[in-house]
Amino acid sequence: MNTDYIDRKFYIYIFFISSILIFSIFAKSFYLGNIFSIGIDSDDMMRLVQVRDYLSGQSWFDLHQYRLGVDGGTPMHWSRIPDLPLIGLIWLGQSVLSYEDAEKFAYTIWPPLTGLIVVYASTWGACLLSNRTAGLWAGAIAALVVIFVPRFQPGAIDHHGLQFGLILLCVAGLLSRKRNAGHSALSGIAAATSAMIGLEVYFFVAVICIYVASIWFLEGVPARLFAAAFGGAFCLTFTVGFFGTVASPRYLEVHCDAYSSITWLMGSLGGLGLSAIALSFSKVGVLGRGALLALLGAVCVSLMVLLAPQCLTNPLNDLPEELHRFWLDHVVEAESLSSILARNPSLFFVTVGTPLTGLFICLFRIVRREQVSAYLLIAMMISTSLVLAVIQVRFVQFAPILSIVPISLAAYDLHYYRQEREQFKLLPSLFLAVLATPALWGVPILIEQQFSRSDNANANANVSVGECDFDEITPALDAIPQGTIAASPNYAQHIIAKTHHRAAGGNYHRNVQGNMISIGALNDTDGKNLKAARDAFVDYVLVCTSDAFSIFLLNENKDNLIGKIGRGETPEGLLRVTLPDTVVSDQTDFVLFEIVDQAG
C-alpha cells in the first residue's frame, strides 16, 4: 500500500475540513451582519484597547489601563500573551491596509484561527487513540462544534477561544499509549501557556499535572521520558513567560488573580521537580516513586502557605459587600450553573447535554477496559468542568470542547460496527455528531419559542422594551470636553474604545474604588454619592434608563438616581447636558448629566 498517497489524502481532507470551517464561520457572520465588528463581550473590546495602547507606545510590560477608574487608573490582571497574535496580524495587515482596516482584519481573522486549534487537536487526539480515519471524523465533528461556539466567531478576540484550544491540545498530546516524550513536551508547553493566560484554567492544568505524575508513579521506567519531557517543557515555558511578560521591578510581587512570582515559583518548581525525579528515580519501586511525588507536592504546598496564604482563597471574596450585591452577583459568567438553570430550566440539555454524553462514553470505555488511562483523563477533565460550573458557569464552556474526541470516536466505531453488518450504516453516527454539538441540543427550544412567540404576540403588542445603542451617542460624547464618566459597568469598554473620555467603573474587579464611585452615583438618593464622585474628579453621569442594569437598580430603590430620571426630575448636583439632535435620536434612552458643585 502506498503510504505517501494515504498521507496526502489525509492532509487534503484536513485542509478541506479547515476551509469549510472558515468559510462557514465567515458566511454565518456575514449573514448576521457583524463580520467586521468587534465582539459583544466587554472583554473583547477591552482586549482591543490593550492592543491599541501597546501599539501607541505603552510598554509591553505595562498592563495599566490609565483610562479606567479613578486616581491613576486600574492595573489590569490580564496577560500579554493573547495580544501577540493580534499585534502580529495588525502589523501584517498594515503592509497593505490602513491601520483601521488592519485592525478589523486582525480581530476578524484571529478567533476562527483559534477554532482551527480545536479542530487539529481533536483530529490529533483521535488519531492517537484510534487511526487517521477516526481523526477525520473528530476533525469534522469538531468543525461542526466550533461553527456554533461564540468564542470562535469574528471579533471575539478575548482569550477564551485560545484557552479552549490550548487545553484540548494539551489533553490530546497525552492520549497515546506509547508515552511519547515529544507529545508530552508539547502538552507541557500548551498547559503552561494556558496557565499564564488566565487563572480559570488552573484546576484543569492541575488535573493534567496530576495525571502525568500518576502515569509515572504507576509505570516507572516506560513513562520516564514522558513525565520528564512534560515537566521540563512546563518549567521552561513558565520561566520564559514570566521573564518575558513581567517587568523586573515586579518580580517579587504576589498577585493571586494574575500570573506573578508565586505562580511562576509553584509551576516551575513542580515542573522541574517532576522532570528531575522522573529522570533520576524511575527505577525505584512504586512506594519510592510515591514518596518522592508526595515530597514534591508537600514542598510546593508549604511554600504556597508560607509565601502567599491569601492565594488559597478566592480573590473576589475580598470585594466590598456592595460590589457583590450590585455588580458581581449579577455578572453572568460569575453565576452558578444552578442559578441560571433555575431561571431557565430549558437550558439544561443545551448546557450539559454534550458533556454528559461525552462523560458517559468515557465511563463506558473505562468499564470495558478500553484505553483506560486516556479515557480516564478525558473523564476527569469533563468532570472538573462540570463541578466547577456549580460554582461559576463559565467553567462549563470547556466541557463540550473536551467531549469532542470521545463522542467522535464513538460515532466512528459505531459507523464501522454497523457497516460490517450492513445495517443503518450512517444514521446512528450522525445522531452522535448531533449530540456533540451543544447548539443543536437547543433546536427543540427554538421551535417551542417560535410557537409561543406567535401565541403571545397579542399579549405583548403594547410592551415596549428600550435598547441603548452606544454608537448612537458616541458623536455627542466626542463633542463635549474630555472627562471621566460614571455609567453602567457594561459601557466602560465603549467609553474607552470609542470616545476620548475615561470610564470611572467597569467589569473589572481590581477597579474597586472606581466601581464603588460609579455604581454609587447611579444609586444615589441624597446627593452624598454624587458629591463623592465629584470629589473623585468624575465629570459626567451617563444613564440608559432602559438597560438591564438601570432596571435592576430601579427595582432595588425607586428613589435613586435612575428613578428620579425616569420621573423627569433632574437630581440636585447634576446639570443635564443637551445632546445635539443632529447626532442623537430623540427616541434614545440615553441621558447625560454633568456633575456640578452642589454648593453652587
Side-chain angles (χ1 to χ4, degrees), residues 42-43 46 65 68-78 198-200 202 254-258 308-343 388-395 484-493 503-538 541-544 547-565 571 573 595:
S42 61
D43 289 348
M46 192 59 76
Q65 184 44 249
L68 175 65
V70 295
D71 192 25
T74 301
M76 300 295 284
H77 64 288
W78 288 1
L199 58 79
E200 66 267 22
Y202 281 7
V254 173
H255 298 290
C256 304
D257 61 348
Q310 69 274 21
C311 293
L312 297 175
T313 60
N314 187 346
L316 299 181
N317 290 343
D318 295 330
L319 291 178
E321 188 277 334
E322 186 176 350
L323 283 188
H324 277 277
R325 177 186 173 191
F326 290 110
W327 171 59
L328 187 62
D329 290 348
H330 306 281
V331 175
V332 173
E333 69 174 26
E335 289 188 77
S336 67
L337 178 61
S338 58
S339 64
I340 291 178
L341 294 180
R343 291 199 306 268
L388 291 174
V390 174
I391 303 170
Q392 289 190 351
V393 72
R394 61 176 174 163
F395 292 105
T484 300
I485 300 176
S488 161
N490 295 323
Y491 295 124
Q493 68 279 3
N507 289 314
Y508 304 96
H509 66 271
R510 285 190 175 186
N511 182 26
V512 175
Q513 184 183 5
N515 284 335
M516 291 287 288
I517 290 289
S518 190
I519 293 173
L522 296 175
N523 207 30
D524 182 75
T525 56
D526 55 8
K528 292 181 180 179
N529 290 343
L530 287 175
K531 184 179 184 303
R534 181 61 179 167
D535 292 342
F537 304 102
V538 176
V541 176
L542 179 66
V543 177
C544 171
D547 72 8
F549 189 74
S550 294
I551 294 172
F552 163 69
L553 290 181
L554 183 62
N555 290 334
E556 290 289 311
N557 189 341
K558 302 291 185 182
D559 294 323
N560 61 16
L561 182 69
I562 308 297
K564 293 176 182 178
I565 293 173
I595 303 178

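Along the sequence shown, residues carry numbers from 1.
- For the residue pair Trp78 and Met46, the shortest heavy atom distance occurs at CH2-CB, 3.5 Å.
- The two residues Phe326 and Phe549 come nearest to each other via the heavy atoms O-CE1, 3.2 Å.
- Under the 30°/60° scheme for interplanar angles, the aromatic rings of His77 and His509 are found to be tilted.
- The distance from atom CG of Asn507 to atom CG of Asn515, rounded to the nearest 0.5 Å, is 7.5 Å.
- Between Asp535 and Lys531 there is a salt bridge, with a side-chain nitrogen of the basic residue lying less than 4.0 Å from a carboxylate oxygen of the acidic one.
- Within the 4.5 Å cutoff, side-chain heavy atoms of Glu556 are placed close to those of Arg325.
- Closest non-hydrogen pair, Gly506 versus Trp327, comes out as O-CZ2, 4.1 Å.
- A donor-acceptor pair under 3.5 Å links the side-chain atoms of Asn560 to the main chain of Asn557, judged by distance alone.
- Surrounding CZ of Phe537 are at most 12 heavy atoms belonging to other residues, nucleotides or ligands under 6.0 Å away.
- Two residues are said to be in side-chain contact when any heavy atoms from C-beta on lie closer than 4.5 Å; Val393 and Leu337 meet this criterion.
- Considering all non-hydrogen atoms of both residues, Gly505 and Ala492 come closest at O-CB, 3.0 Å.
- For the atom pair CG (Asn555) and CD1 (Ile551), the distance works out to 7.5 Å, reported to the nearest 0.5 Å.
- The shortest non-hydrogen separation linking Asn529 to Asp524 is N-OD1, 2.9 Å.
- Judged by distance alone, with hydrogens and angles left aside, the side-chain atoms of Ser42 form no donor-acceptor pair with the main-chain N or O of Asn490 at under 3.5 Å.
- Side-chain atoms of Thr74 come within 3.5 Å of backbone N or O of Leu68 as a donor-acceptor pair.
- Between the OH atom in Tyr508 and the CG atom in Asp257 there is a gap of 14.0 Å [rounded to 0.5 Å].
- Pairing each heavy atom of Ala536 with each of Val70, the nearest pair is O-CG1, 3.9 Å.
- In this structure, the separation between CG on Asp559 and CG on Asp526 is 11.0 Å, given to the nearest 0.5 Å.
- Residues Leu530 and Val541 form a side-chain contact, since some pair of their non-hydrogen atoms from C-beta on lies under 4.5 Å apart.
- With hydrogens and angles disregarded, a donor-acceptor distance shorter than 3.5 Å links the side chain of Ser336 to the backbone of Ser339.
- Interatomic distance, CG of Asp329 versus CD of Glu321, reported as 8.5 Å (0.5 Å rounding).
- Rounded to the nearest 0.5 angstrom, Asn511 CG and Ile517 CD1 are separated by 10.0 Å.
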